[in-house]
Structures are given as structure tokens and as C-alpha cells.
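Please read the structure below before turning to the comments.
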Amino acid sequence: MKGWMGKILRVDLTSGVLRDEILDPVAARDYIGGRGIGIYYLNRELDPACDPLAPENLLVMATGPLTGTGAPTGARYMVMTKSPLTGAITCSNSGGRFPTELKRSGYDGIILTGRADHPVYLYIHDGRVELREADHLWGQTTHEATDRLRGETDPKARVACIGPAGEKLVRFAAIMNDKDRAAGRSGVGAVMGSKNLKAVVVRGQQRVELADPERFKAFNTQILDTFKAAAKETPLGLTVNGTAGVVLTTQHLGVLPTKNWQQGTFDGWENIHGERLTEKYLVSNKACYACPIGCGRKTRVEDPDFAGEGEGPEYETIYAMGANCMIDNLAAIIKANYLCNELGLDTITMGATVACAMELVDRGYLSEKVVGRPLPWGDAEALVELTRQTGYREGFGNRLAEGSYRLAESSGHPELAMVAKKQEFPGYEPRGAQAMGLAYATSPIGGSHMRGDPAYFELFGVPEKVDPHEWKGKAKITKAYQDLSAAIDAAGLCIFFAVRNLAGKTLDVHPDGILEYLNAATGANYTLEELMQASERIITAERQFLVRTGISRKDDTLPRRLTHEPMPTGPAAGMVCHLEEMLDEYYEVQGWTPDGVPTAERLAALGLA
Amino acid sequence: MKVRVRCFTGMQQYAPGGRGDFEMALPAGSSARQLLEALGVPPDLEPFVAVNGGKVALDHLLQDGDDVVMFRQMEGG
Ligand code: SF4
């Protein structure tokens with residue numbers, strides 16, 4: 001095979017048996033790779049009723065056919081499993097260097113199952129695969145473990161590992177790779193911890209073969225030239241201020257979630273936006289493999305209360321730990337971000353859970369005695385301390401480690417958890433960006449925008465402006481973006497590059513550029529229709545898995561606050577999110593029943609019956 | 001009339017003296033577009049302009065004492 005390596009590594013941690021398996025070429029073509037290959041295996045092999053933290057759960061790490069090819073942002077892999085946070089699937093995506101190294105070790109992906117009887121790590125190198133003892137690494141932070149593992153294997157090896165949070169089964173523990181890149185969401189790190197697997201270490205020196213290197217190179221040159229010309233004309237974008245630059249936009253559209261989503265603007269925005277980050281804390285940009293953007297931020301904080309050095313924060317972290325907690329101290333947000341990276345925690349859920357706790361305390365539903373400290377809005381020091389406690393499940397951190405839904409429910413007020421399918425939202429208010437609400441409610445992983453990002457058309461005007469306050473007609477556009485995200489995620493690309501540079505310039509965002517890259521790399525000769533159908537197959541297969549776990553329309557919900565309480569202030573004042581109306585339209589364009597279940601005809605048409 | 005203007009990402013170069021936060025005197029009834037023209041912003045640039053905390057269209061009429069924020073739109077996140 002070309003583009004694909006053609007091989008999957010099977011790891012049974014219970015028996016210690018490791019074996020190679022041929023990647024089925026038909027499945028590869030039909031599901032592309034990454035997220036697609038992940039759902040292909042979950043649907044075939046995982047009991048939907050399985051306890052996410054039981055040995056039977058499957059943990060799939062999958063690259064795409066463009067990962068490691070040199071296609072811009074072809075740097076990514078997907079971690080898919082059943083989530084201990086949501087009970088649905090995960091689609092946790094990460095870049096950096098590890099995914100390319102994994103692919104160059106000869107594998108498109110790894111499928112792990114079982115549970116080792118003591119801590120181990122998986123080491124792949126020079127065509128060999130072994131499980132090694134990891135007792136001496138248990139308890140170490142992701143940074144300590146990574147340094148130690150590179151020391152005892154190969155200084156050039158790339159490491160994906162969990163920190164204390166994953167070991168302690170924090171429901172939103174991340175898998176960190178290259179120290180500071182996160183497969184962050186939905187608790188993939190807890191699944192890894194439940195298997196007693198501390199790390200995956202890879203050293204790979206194989207080449208990713210291309211079906212038509214000339215065609216690939218010619219297209220690559222064309223895409224990069226266009227990108228560079230545009231960047232020269234408008235030297236802004238993610239390179240300059242990282243994703244943190246987005247605070248300016250969300251604040252002035254009234255969609256910056258603030259005070260646990262009680263308002264959409266934050267008075268302290270001037271202290272936390274991207275330019276402040278660049279002026280005061282940026283050391284340098286950091287790019288994933290083959291990425292011409294480099295949105296990553298290497299930062300340093302000198303303020304003695306929050307001193308440290310590391311990577312971050314992203315926009316999402318600034319929203320969740322900043323505005324949402326009413327914290328305008330950027331140094332504290334960065335410090336809490338560093339702790340999340342080192343302990344292996346998802347920054348969005350961490351910040352949003354602290355914000356939820358702040359509201360529970362504010363309303364008298366949670367006592368300071370239980371929290372072990374006062375917890376007023378805006379308490380920067382509390383954010384940092386509670387993040388640390390959560391990573392180790394110490395004190396009140398043990399409650400926070402369950403995520404905001406379980407915290408709010410056990411305090412008698414589940415309606416104060418700002419979640420879809422028990423997963424906390426990213427930082428865009430659906431009352432002022434209607435399609436975002438639909439994306440949150442229908443995402444297979446719960447509250448997320450990355451599996452189809454309406455911010456592009458509602459907030460950033462890419463490829464064209466769409467009124468963020470209108471709900472009519474949003475279902476069709478949202479579906480087009482969700483399909484596009486499936487193609488991006490399956491191919492192994494990054495959404496930040498691909499939406500603008502590799503998709504059509506109309507709202508149906510056909511994956512034209514991805515098609516050309518895929519065909520040049522794999523020789524699979526997809527037509528545009530076939531590629532779009534593969535995206536629909538991935539989305540529908542994910543829904544099929546969710547339906548088997550019992551999920552339907554009743555679970556495609558948003559908190560009452562967003563659908564019934566008008567936004568009190570700011571540019572979106574008076575608005576609610578019209579979710580039910582959009583859902584009716586959405587199921588119809590998907591070919592699902594009004595209850596959100598794919599019809600038999602739809603499944604048959606996609607080869608999923 | 002006078003308005004307060006703050007320039008962010010990609011707009012600082014149009015601020016008089018390079019200071020991103022300044023007061024600007026304009027004829028009464030000026031629009032956001034006329035403010036941009038007065039600052040020498042090329043007409044095809046179409047930055048994001050917010051007045052008193054919320055995005056406005058460029059034909060929005062400014063009032064004395066308005067707080068204007070402008071920047072070039074970014075994406076991602
Ligand atoms: S845009 Fe950012 S996240 Fe995406 S590949 Fe580039 S550096 Fe990585």
C-alpha cells in the first residue's frame with residue numbers, strides 16, 4: 001500500500017501478546033484512516049455496553065494516510081475509545097511529532113485491549129515491539145516520564161504518555177505526546193491508565209511511500225505557494241497570536257462564555273487576549289510536523305506566584321480557565337495550563353469544572369467546607385491549586401476529577417453543568433452562534449466544536465459570512481462542516497490549515513484539496529463523491545455506535561440555560577439557542593429518523609447495514 | 001465629537017503615532033467607515049469594528065464618547 005503503511009499493531013495487555021495485522025485495504029479505502037479507521041474497529045469489536053475503564057475497552061491510536069507524508073499539517077493522529085466521561089466515543093486528536101514517528105515505525109495505528117497486571121510501556125523501534133516494565137515511571141509527570149523514557153530507550157524516540165491524572169483515572173485525563181501536545185478530551189488518558197499503560201514510545205525510520213510522488217510534490221508546491229502568498233498579504237492569523245487571538249472576536253460578538261456561561265462578555269478581556277500573551281509571555285512559536293502555521297506557543301511566566309515555562313495557552317484554555325471563572329490573571333491561567341500538561345489533564349474540562357464549582361459555591365449548593373477553601377469568582381490562586389489537586393485526586397480535587405456534570409449532579413444541581421453528553425463545551429456561546437449549539441448537541445463526543453466547526457462560518461466568515469444569530473438553514477451547513485472535519489481527521493490533517501486551504505470556497509466546503517492529496521499519496525483514485533461519502537460513512541458509523549449505547553435525540557441536548565434563558569447582556573442579549581428547530585432540520589439532512597437514529601436505507605447506502 | 005479608539009491585531013499601524021489607544025475628533029454624524037478613512041485605512045481592508053463592546057457594520061453612525069475597538073479578524077481556536 002502507498003500512503004498507508006498497511007499494518008496495524010495489536011496489543012493485548014492482559015496476555016502481553018503483540019502481533020501485526022494487515023490493514024484491510026477495503027476498510028482503508030472506505031474509512032480513510034485516523035478517525036475513520038478508529039470507528040471501523042470500535043464498531044466491529046467493542047461491546048457498546050462495555051465499562052470504559054474495564055479491560056475490554058479498546059483503545060485505538062490511528063494515523064491517517066497523509067500523516068508523515070509532508071502534506072502541510074499532515075502531523076496528526078486520533079485516539080478513539082469509549083469515554084469514561086461521556087459513555088460515548090472519544091475522538092481525541094493530537095499533532096506534534098509523535099504521530100509521524102508512529103507511522104514511520106511501520107504502523108498506521110495501534111489497537112490496545114486488556115489490562116496489564118502492573119505498569120508497563122510499549123516500545124516500538126527498528127521493526128521490534130516490546131512491552132517493558134514501567135513501575136519506576138508510575139507517579140511521574142508527563143515531562144519527567146518523557147525525559148526518562150527517552151533516556152532509557154533512544155534520545156530521538158517520541159513519547160505519548162499519561163501523567164498522574166491518567167493513572168488515577170481522572171475522567172478527563174489526557175494522553176500527552178511530545179510533552180505538551182494533548183489528545184486532550186473525553187478521558188482517553190484514564191482509559192490508558194486503566195490498562196496500566198504508562199506510555200507508548202516510538203522510534204521510526206521508515207519512509208511513507210507515495211503512490212505518485214511527482215503529482216504529490218506539484219500539488220504541495222501549489223498549495224504552499226498559495227498559502228505563503230496569502231500569509232504575506234495578511235501576515236496575521238494563528239502564527240502571530242496563536243489561537244488566543246480569537247478572544248477579540250468572541251468578546252465583541254458576545255459569545256465569550258463567562259461566569260460559567262451566565263454571560264457572553266468578560267470585563268477583564270483586555271488582560272487575557274492573544275496580544276497580551278504575545279507581549280508578556282511568548283518565548284517562541286512552535287509548529288507540529290510539516291505545519292507552515294505554527295500556532296503552538298512556547299511561553300515563560302516570571303511572576304513568582306505562577307512562575308514556570310512550557311507550552312500554551314490556547315484560546316480554549318483562556319476561555320475555560322479565564323473568562324469562564326472570571327479570572328483575568330493570564331499568568332495564573334498559563335500556570336494552570338502547565339500543570340494540566342504535566343499532570344495530563346484536559347484544560348477545557350478542568351477550567352469549566354472549576355467554573356461550575358464556583359457557581360455551586362456562589363449559589364450555596366456547595367459549601368466552602370467541602371471545597372476546603374473559599375472559592376469566589378476570579379480566584380486565580382484557587383484555579384492553580386485545584387488543578388493540582390485534581391491531577392492527584394487530592395482533597396476536593398477528587399470531586400473535580402469527575403468532571404462538572406457529576407460534580408453538579410452530586411450537589412443536587414445538574415443543570416449548572418455546561419455540558420452536552422456530560423462533556424464540557426469549548427468557548428463559543430450558542431445563544432450568539434446558533435450552529436455552534438447544534439454542533440455541540442450532535443457531536444459524537446459531546447461538547448466539542450472540533451468535529452465540525454461552525455465558528456468558521458458563523459464567527460470568522462470562512463469561506464463566507466453567515467449570520468450567527470439565524471438558526472434557519474444552519475443544519476445543512478453544519479453537516480457539511482462535520483463531513484469536512486471527518487475527512488480532515490481521517491486523512492491525518494489539522495483543521496486549522498485544511499478548512500481554509502484544502503476545502504471549497506462555498507458553504508458546502510467540498511474537500512477538493514484533501515482529495516488531490518489523498519489520491520497522489522495513496523493511488524486510491526477517490527472521486528469527490530466517494531470521498532464525501534467516506535466522510536458521511538464515518539459520521540454515520542459513529543452515530544451507529546452511539547445509538548447502540550442507547551443514545552438518541554433525548555441525549556442531543558444543551559443545558560436549559562442556553563435554550564431557555566435569554567442572554568442577559570452584550571451583543572447577543574435577548575437570544576436563546578434554537579436547538580430543537582435545528583435538530584429537526586439536521587436529522588432530516590442526515591437521513592436519520594426524527595429521533596436521531598440513522599435509517600436502514602441510510603445505513604445500507606453507506607455500506608453500514 | 002470625540003471617540004476613543006483602540007487598535008489591535010493588524011490595525012496598530014493606522015493609529016496616529018503608533019499608539020494603539022487614542023482619542024479622535026470627528027465631524028458629528030460620522031460613520032465607522034469615515035473613521036477608518038480618516039485614519040488612512042485602505043477601503044478594501046474591512047476590519048472588525050466594535051462600538052461600545054459589540055460588532056457594528058461599517059455604516060454604523062458614531063456618537064460622541066463612543067468606545068471603538070478595531071482589529072483584523074483571525075480564525076482558529
Ligand atoms: S496549526 Fe497549530 S495545531 Fe495545527 S498542525 Fe499547525 S501547529 Fe499544529
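Chain letters run A, B, ... following the sequence lines, proteins first, then strands; residues in each count from 1. Since we're looking at a predicted model, the values are computed, not measured.
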Side-chain donor/acceptor of B:Gln73 to backbone N/O of A:Thr249, under 3.5 Å |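 No, the answer is negative, given that no donor and acceptor are paired below the 3.5 Å cut-off.
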Could you tell me which portion of A:Leu459 (side chain, backbone, both or neither) has an atom closer than 4.5 angstrom to a non-hydrogen atom of chain B?
->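 Only the backbone of A:Leu459 comes within 4.5 Å of chain B.
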For the residue pair A:His273 and B:Phe8, categorise the inter-ring angle as parallel (less than 30°), tilted (30 to 60°) or perpendicular (more than 60°).
->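 Judged by the thresholds at 30° and 60°, the geometry between A:His273 and B:Phe8 is perpendicular.
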Does [X] [atom1] have over 12 foreign heavy atoms under 6.0 Å away?
X: A:Lys505; atom1: NZ; answer: yes
X: A:Arg276; atom1: CZ; answer: yes
X: A:Asp267; atom1: CG; answer: no
X: B:Lys55; atom1: NZ; answer: yes

For A:Pro571 and B:Gly54, work out which heavy atoms get closest and say how close.
->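 The answer is CG-CA, 3.5 Å.
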Could you tell me the separation between the OG1 atom of B:Thr9 and the CG atom of A:Leu248, rounded to the nearest 0.5 Å?
->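 Those atoms lie 5.0 Å apart.
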